[in-house]
Each structure stands twice: as structure tokens, then as C-alpha cells.
2 protein chains.
Amino acid sequence: MSLVLGGKSAGRVSPATAQAVRDAAERLGYRPNLAARTLRLGSTRTVLLIVPTLTAPFFGDVYRGAARVAAEHGFGIVAYPWPDDAGPADSPFAAPHEAIDGILASSLAADVASEFRDTPVVMLDSDPEGHGSAARPMPAVLFDVADGMRAVTAHLADLGHRRIGHVAASIDQWTFHARGEALATAVRALPGGSYTRTSGALDVGSARDAAGLLLDRPDRPTALVCDDDLIAAGAYKAARARGLDVPGDVSVTGFDDVQLATALEPELTTVRLPAEALGAEGMTALLTLLKGGDPRPRSLPGELIIRASTAPPARGSG
Amino acid sequence: MSLVLGGKSAGRVSPATAQAVRDAAERLGYRPNLAARTLRLGSTRTVLLIVPTLTAPFFGDVYRGAARVAAEHGFGIVAYPWPDDAGPADSPFAAPHEAIDGILASSLAADVASEFRDTPVVMLDSDPEGHGSAARPMPAVLFDVADGMRAVTAHLADLGHRRIGHVAASIDQWTFHARGEALATAVRALPGGSYTRTSGALDVGSARDAAGLLLDRPDRPTALVCDDDLIAAGAYKAARARGLDVPGDVSVTGFDDVQLATALEPELTTVRLPAEALGAEGMTALLTLLKGGDPRPRSLPGELIIRASTAPPARGSG
DNA sequence: CTGTTAGCGCCTTCAT
DNA sequence: ATGAAGGCGCTAACAG
């Protein structure tokens, strides 16, 4: 009968019959029942993309990239926004667990990964090292944030900066840990380089206060490297509140290149991350994993976008 | 046997047996199979939340609100980011259609709603009137954007503004049409009020150019009302490029109160929309719809947040 | 080459 | 108060 619709008709049913069946199906508005198929096959051909609400600007691009390669393989993707303030405690996985074949977990806190022990998972922009009791590295696709931070440092060094302040995000995510380490290393490797650091929550007010601490030091940094673009907006405010010009008196850099970067005045020098590629590579890795393969780790380079928030340090302060 | 797990054991199985079964289930790591249950019941207890990628700032809050009331009724929610630039043409509904019980469609373009003729749907912040061939109003929960625009107008009028320019988003969404109409009406109702308007795409550059057109007019408006916060950022840029101070020379207002509003300098006067409530009310309406009821339309008021981007017009220009 | 059948795991009905 | 059985719609294996 309707095994035509499965696409298995090749060499089974006569083309004419096949067409007739298809026509009838179309006419009656027939739709294959997903639940029955899932029950029979034992797989849903659906993967769950977990994103943190807070870091959402990317989300659309990551989804698009993942959805594209998923579609090419007959998979669908649904998104789940992980509550920002939630540890692994309140796992909302009542339903999904049985309803999906795999998980793409983007930018999660270090220890939530342990939630999905029994479902294939690829970490995106997240700590590949397993945390908690049974530490075991997991497949991952990362942004090469270290390379991005080195590019930022090199750019500032070229301009003549040596005293560099880091306004960090006090968020327990791999990406921020990696950003901080890479920056500290790069600045300290600079001849005469000095690295100072404060941190705050991921909102404008906290970032302003954190940046202010750095700007009030006697040996005030000539450049503020911020963990992301929103923090950079806070740094702008701190500078302005002290009558300091950006970039005349302090250079400021961001990270991520979200829309905010060009909304600010002056426009922000920042690092653009290939979010869509992250989603696509992640889905590719998950597909490999589901086929029993062992996806090799990938790291996607960012791109330094130089705008108007960086300039040579004022004379006498460098 | 395991009908204990269905919670139907009350008055059927002895408590001791029930407990024994539950223990065994726990020990063996038993999980009910979702696909089988779905097949049997014919419902998935899952609803799809469709959000536009572009207007995503809200998304997290809408989801949270919807998920909360969904969970209270044993429903789960998955998110689907609708491609911004897509009309109804490339419907990606191959899979979801059969896998869900209902749809919450947020901030969609006017004509995409016709896609889901055969699935219960509640429109969020979207045109409740059916478009296309078979126009039929659909259940909806809206933001009372008209009220918000009236509040903006009243605030500006109180400050002494009469010549008000509207920097509109040229996006075919109910919310923007409604914002525009409400503003035009409110301004024209003002004694001596004059309303002028330009529009552009939803990005900073386009908004800057659009706002610039207004600022270059001989009878330059003393206040620029923007369709959303991002557009307001563009208006700031246009003003600054012309040596005009905000709010000294031009007042600027936004809409939505996203994070950007406080990242800008000066901080933006805007209208805060209750996104979480939108999600919650929407889910409640959908639940009613699924039970065969007829949810009554709701409209959720916003709140004018007065910050530093509005001030009385400069003397001689009002 | 084509049609028939068993059974995926669950819930509901009916028989004990 | 408990156990047995049918069937949801699909696909893969098998019989014709």
C-alpha cells in the first residue's frame, strides 16, 4: 500500500501506482504520524539545542547553522533556553529526554553537562572537560577565544598600549574563563606589559562599577579589554562619568560583535565570532556521534573588527 | 503491573504493592516511553513557541512565562526561531506539525499565520485578524502598544514638545503598524501637534539614516519617537553626527526597554513591555483553546520608563 | 516484484 | 482488586 510514501518504492511499485498513491495522499491531506514512526524506529530524528537565555544574541545564528545541516540529514531542531540562574539542580528534562536523539549544549555553565549522561551531547562554546564526579571529556566545538584575545592584545600593543585592564564577567562559563586566561597570558608576554583585572555580573551597571575600579587606580590602564560587548558599554559609562574620552583617554574593546557594538558611540572594536558556523559544525559533530563515530574537536577562529573605540594612548600616560 | 506509574493506582492496587513497583522502576532506571504514550493518546502535551530571530531580546522572558504555566498543566514547550526574512513560502513545518498540540506564535509577520490552519494557535503580539484568502480572527494576546505610545506622547507633550518625528521600522508586523497608528493619532490630537515620519530597516545604520532625514528638515522635530530601542540608538547617532545634543536639542524615545536602553548614553526613555506575562497569558489562552474553549482577547499594558533622553525642547525651537 | 503481518510501548476496556 | 488483551500508525521482515 502506502509504502510508496516511504520513498522505498524504487523498484517495488510501478511508477504509475506510486503516483496515484501520492495523489490520493495529497488529496486526502494525509500526513505520516510522527509518534508511530518514532515508536517503531526508536529514534526521533530531533535534536535539542540548549542555549543560555542571557547570551541570547547569538542564539539565532547558532540555530540557523545547526538547522541547516540538520535538515540536510532529515533532522529537526528544537531550542531550549536554559534558565541562566539555574545550576544542574532543577533539570527541566521531564519530557525532552525521551523525545530527542541528541543534544547541542551551547555556552553552558561548567557543571550542568553532567545532566545528560545518557544522551549523546556535543558541547558548543563550553567546557569540553567533564566536571563533577566522573570527569570525562565530551565532544565539543569551540570558538578560538584565545586567538581572539591575542588579536586584541596585539592590536592594542601596536597602538602603544602596555597597561591593560581586564573587565571580566564573573560568570562560570568556559568561554569567559578562556578569555581571561588568554588575555592575561598575552599581556604578560608583552615587553613592559601590565595586566590588572576586575569583574562583575553581565549587566551594564555591574560592568560600569567594575570598570570604574580600574579607572580609579593611580596607575590607570590606558586600555580596557572587556569580556563582552555589553560589559564594554558599561566601561564607556565609567569612562564618561570620570570625564575620560573613549578612545582619547582610554581605549575600550569588546567581544562577540553583537548589534550593540555598532549602536554604541564610538563604535566598538571587538571580536566577531562565527556563530552560524558553530551551530553547523556542532550539528555535524553530533551526527558523527550518533553514527557511532568520534568527532574530532574543532575550534573556530574569530575575527578582530577594528572600529572607533581604540586609539594610541594619550601622551604621558603610556 | 505497571499501571501504578500512571498514578491510577488509587483504589486499585494496594499501597504496598504500588510502592514496591515504584522502587523497582526506580532501581531499573525505568522511563515511560514518550512515543508510545503519544501514539496511544494522540496528543503530545507539547506546544511550539515561534519567535522571530530578530526581535529576540524578549524571547527568553516570553518563553519563561509560557513554560511556567505550561509546566503547571503537564505541558512542555519547545522554541522555534522563525527566520526573519521568510514569508510563508518556505514553511519548515515538516516535522513539528504532527509533533505538537498547539502553537504560540509571537510577533509574526501579518500573513504567516495562515500556515497553521489545522493546528490550534494563539497569536502573541501579532495581528489577530486573519489575512489571506480566508480571513478569520484568531485568538491573541497583545501588548497594549497604543497605550504605550499615548504615554510617550503625553510625556513629551508635558515637556512642551509639539513637533514630533516618528522613526518607524519598515517591518510588516502588527506591533509596528499599531505603534505607528497610535502615535500619529495621539500627536495629531495634540493642540498644535505636528507628526512627521520616516522609516527604515531594523538595524542601527538604517535607523541613523532614517532619523537623519527628519533632523535635516527645516522644521526639524524637537522629539524623535522611535519604534524600538535599537532604532533609538540610530537616532542618537544621527543627532550626534549633526552636532545635536540628546536631550538638549532633540529628545529621543525608544520602545521595548531591552538591555540596550541602559547601555546607551544618555540612558533611554522607553516603554517596558511585560514579556513574561505575554508568554504566560498566551499559554493560558492556548490551554483554554485546547480544551475547546474560546479564550477572550487580552491586551497587556506597558510601562513608560522615563530616563535621561527626554527633556524640554530648547527655547526658540519649540 | 507486490501484498500481508508482526510488533514497537503504552493506555483503556473488559474479564476475572 | 487485579490481570489480560486490543489497538494507536508505522516500518521491516516475510510470504506469495
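These numbers come from a predicted model, not from an experiment. Lettering of chains follows the sequences in order, A, B, ..., and the numbering in each one begins at 1.
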Rounded distance in Å - [atom1] ([X]) to [atom2] ([N]):
X	N	atom1	atom2	answer
A/L41	C/dC8	CG	P	14 Å
A/L39	D/dC10	CG	P	12 Å
B/R45	C/dC10	CZ	C1'	15 Å
B/R40	D/dC10	CZ	P	16 Å

Worksheet item: Excluding sequence neighbours, so at least two apart, what forms side chain to side chain contact (heavy atoms under 4.5 Å, CB included) with A/P295?
Response: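 So A/P295 forms a side chain to side chain contact (heavy atoms under 4.5 Å, CB included) with A/P139, A/A285, A/T288, A/L289.
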
Practice prompt. Locate the shortest heavy-atom distance separating A/G102 from A/L286; write the atom from each residue and the value.
Written response: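 Answer, listing the atom of A/G102 first, then A/L286: C-CD2, 4.0 Å.
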
Worksheet item: Who pairs with B/D125 by salt bridge (charged side-chain N to carboxylate O under 4.0 Å, His left out), at least two apart in sequence or on another chain?
Response: none

Worksheet item: Should B/R37 be listed as having a side-chain N or O under 4.0 Å from OP1 or OP2 of C/dC11?
Response: yes

